[in-house]
Amino acid sequence: MTRTDPDLTAVRDLPTGAPEPSDESVARTWYLLNARHAATRERAPRRLARWLVPVTAGLVVTAVALGAVTVGGLGGHQFATPNIALVKASHQPLPTTRGTNPALSKTTPEAIAALEDLARTAERASVVHLSPGQLVHVLTEGWGAALSGGTGTVRFQPREIWLDPQGMIALKLLNGDENMFESMFADHEGDMEHARSFLRDNGPSIEVPTPQWLAQLPTDPQPLLALLRADVEDNETWTKDHMLWDAMARLYHDCDILLSPQLRAALLRAFQGMDGLTVGKVMIDDIELVAIRQTDGDSADEILFDPVTAWAVGRRDIDLGDDLTLLPPRSGPKFEPLVSYHATWRQSIVGSVDER
């Protein structure tokens with residue numbers, strides 16, 4: 001598959017207001033994105049990425065054992081709407097001072113201080129060991145907007161996924177009791193081999209990480225940031241740091257549990273050299289998370305961190321423009337404010353796709 005693959009092109013080029021793509025096309029496109037043939041080479045405007053919430057954010061952005069934080073009432077394979085009453089967020093305003101990249105604002109002192117606090121916490125974290133043959137299991141509680149015209153109805157999007165740590169290749173994907181690979185993929189085995197071939201041919205990267213690649217990353221913040229920026233390809237629509245923040249949200253989803261305390265802290269310190277970062281908080285009932293937001297134009301992406309462990313435990317996508325009307329979910333928590341995507345996740349190490 002290439003970046004001109006018809007499934008990817010059809011989904012990527014949907015105009016505003018078009019109906020959502022078919023499940024089959026979305027499923028094939030998700031696997032294509034998972035192999036990273038096109039995701040970082042020709043990013044569509046963020047609006048299209050949000051139409052793919054069930055693909056990119058719902059299936060890929062989901063990953064961490066919450067440690068001291070347990071969000072919601074989800075357990076095992078139960079996918080009922082979690083017992084959350086309120087998701088309330090507050091965030092500092094975007095400064096007018098420009099960053100090193102004049103297209104972005106300067107990262108605020110408050111965001112730098114929050115990242116440093118998280119880094120000091122990360123240094124005290126315990127190490128999670130991965131043995132040969134073990135997998136990463138991810139459980140997510142997400143809400144995403146299904147768009148029709150200029151209106152998006154936010155709905156519950158639960159997912160459960162098992163990942164091969166070598167390339168973070170999806171081996172099994174559940175929507176409740178439905179195995180989405182059996183119902184949506186014509187050749188799941190062939191697609192997995194294609195993804196593994198891509199890893200063999202191109203090597204690991206921020207888009208296709210492996211435990212070995214993570215272990216060799218520098219822990220000096222400046223060289224680490226330079227390496228990560230270089231690993232994200234140039235894009236005509238989004239700035240380098242916006243692309244990097246999106247890639248980091250996906251990396252945290254896939255393999256936050258595999259990060260050493262030293263690398264986790266180094267990443268948080270490396271981010272302090274980025275542009276466009278601000279800080280806020282997200283309250284999920286009585287649980288407080290630190291929200292670090294990267295803003296590029298009308299698009300803002302947040303990574304949510306547990307202040308107790310410094311693990312990344314969620315993601316939010318916010319549309320700052322005035323051309324999208326969001327409608328709240330028919331059931332579930334009240335969102336203040338309502339956003340186009342909100343997810344928290346849990347991650348664990350398991351021995352097979354039959355274990356949780």
Side-chain angles (χ1 to χ4, degrees), residues 60-71 75 114-140 160-171 199 203-225 227-228 231 244-245 247-273 287-290 292 303-315 343-356:
V60 179
V61 182
T62 36
V64 175
L66 295 187
V69 172
T70 302
V71 178
L115 287 164
E116 184 59 33
D117 285 345
L118 289 168
R120 287 194 291 267
T121 298
E123 291 173 328
R124 302 191 298 268
S126 58
V127 177
V128 176
H129 296 283
L130 179 75
S131 299
Q134 290 186 313
L135 310 175
V136 177
H137 171 247
V138 177
L139 185 64
T140 188
E160 189 172 11
I161 191 168
W162 287 256
L163 297 162
D164 181 348
Q166 296 300 322
M168 297 300 146
I169 296 169
L171 304 179
L199 175 61
S205 67
I206 192 173
E207 298 292 340
V208 193
T210 64
Q212 296 82 3
W213 181 81
L214 293 170
Q216 58 82 46
L217 288 175
T219 53
D220 186 327
Q222 289 187 343
L224 177 59
L225 178 58
L227 184 152
L228 294 175
D231 220 17
L244 174 56
W245 199 243
M248 282 305 309
R250 287 182 277 123
L251 184 144
Y252 276 131
H253 146 255
D254 287 349
C255 50
D256 186 292
I257 196 170
L258 302 182
L259 304 182
S260 69
Q262 296 78 16
L263 179 57
R264 192 186 307 280
L267 286 167
L268 293 161
R269 292 191 169 109
F271 299 156
Q272 297 173 34
I287 297 170
E288 180 175 325
L289 302 177
V290 178
I292 303 295
I303 299 176
L304 306 181
F305 294 92
D306 171 10
V308 177
T309 64
W311 285 37
V313 296
R315 173 178 183 155
T344 54
W345 54 64
R346 285 172 271 185
Q347 188 180 56
S348 59
I349 302 298
V350 297
S352 74
V353 294
D354 298 317
E355 293 183 21
R356 290 183 169 91

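Each residue takes its place number in the sequence, starting with 1. Atom set for the values below is all heavy atoms of this structure, side chains included, hydrogens, waters and symmetry mates excluded.
Put simply, CG on Asp306 and OG1 on Thr344 are 11.5 Å apart, with the number rounded to the nearest 0.5 Å. Note that CG of Leu199 and CH2 of Trp213 are 12.0 Å apart. Values are rounded to the nearest 0.5 Å. Of the inter-residue distances, the one linking Leu135 atom CG with Leu163 atom CG reads 8.5 Å to the nearest 0.5 angstrom. Note that the CG atom of Leu289 and the CD1 atom of Ile303 stand 13.0 Å from one another [nearest 0.5 Å]. With rounding to the nearest 0.5 Å, the separation of CG in Leu139 from CD1 in Ile161 is 11.5 Å.
Between Glu160 and Arg356, some side-chain heavy-atom pair lies under the 4.5 Å cut-off. Between Leu244 and Leu225, the closest side-chain pair of non-hydrogen atoms falls below 4.5 Å. With contacts defined as side-chain heavy-atom distances shorter than 4.5 Å, the pair Ile292/Leu268 does not qualify. At least one side-chain heavy atom of Val136 sits less than 4.5 Å from a side-chain heavy atom of Ile349. The closest side-chain heavy-atom distance from Trp311 to Ile257 is below 4.5 Å. Side-chain contact between Pro165 and Gln134 is absent, with no heavy-atom pair separated by less than 4.5 Å. Considering only heavy atoms from C-beta on, Ile206 comes within 4.5 Å of Met248 through its side chain. In this structure the side chain of Leu267 reaches within 4.5 angstrom of the side chain of Leu228, judged on heavy atoms.
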Intermediate values then yes/no, side-chain contact (heavy atoms from CB on, under 4.5 Å), Leu258 and Met168:
CA-CA 11 Å; Leu258 302 182; Met168 297 300 146; 3.5 Å; yes
Walk me through whether Val290 and Asp117 qualify under side-chain contact (heavy atoms from CB on, under 4.5 Å).
CA-CA 11 Å; Val290 178; Asp117 285 345; over 6 Å; no
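For the residue pair Tyr252 and Ala312, the shortest heavy atom distance occurs at CG-CB, 3.5 Å. Across every non-hydrogen atom of Pro307 and Glu288, the tightest pair is CD-O, 3.4 Å. A pairwise comparison of heavy atoms in Ala343 and Leu304 identifies O-CD1, 4.3 Å as the closest pair. Closest approach of Leu263 to Pro218, counting heavy atoms only: CD1-O, 4.2 Å. Between Ala310 and Phe305, the shortest heavy-atom contact is O-CD2, 3.8 Å. The two atoms that bring Ala125 and Pro261 nearest to each other are O-CG, 3.2 Å, heavy atoms only.
No more than 12 heavy atoms of other residues, nucleotides or ligands shown are found within 6.0 angstrom of CD on Gln222.
Distance alone, capped at 3.5 Å, places no donor-acceptor pair between the Arg315 side chain and the Trp345 backbone. Here the side chain of Thr210 pairs no donor or acceptor atom with the backbone of Gly167 at under 3.5 angstrom. Between the side chain of Trp162 and the main chain of Glu355, a donor-acceptor pair closer than 3.5 Å is present.
Partners of Arg269 according to the salt bridge (Lys or Arg N to Asp or Glu O under 4.0 Å) rule, which considers only residues two or more places apart in sequence or in another chain, are Glu116, Glu123. Every residue two or more places apart in sequence or in another chain was checked for a salt bridge (Lys or Arg N to Asp or Glu O under 4.0 Å) with Asp220, and none qualifies.
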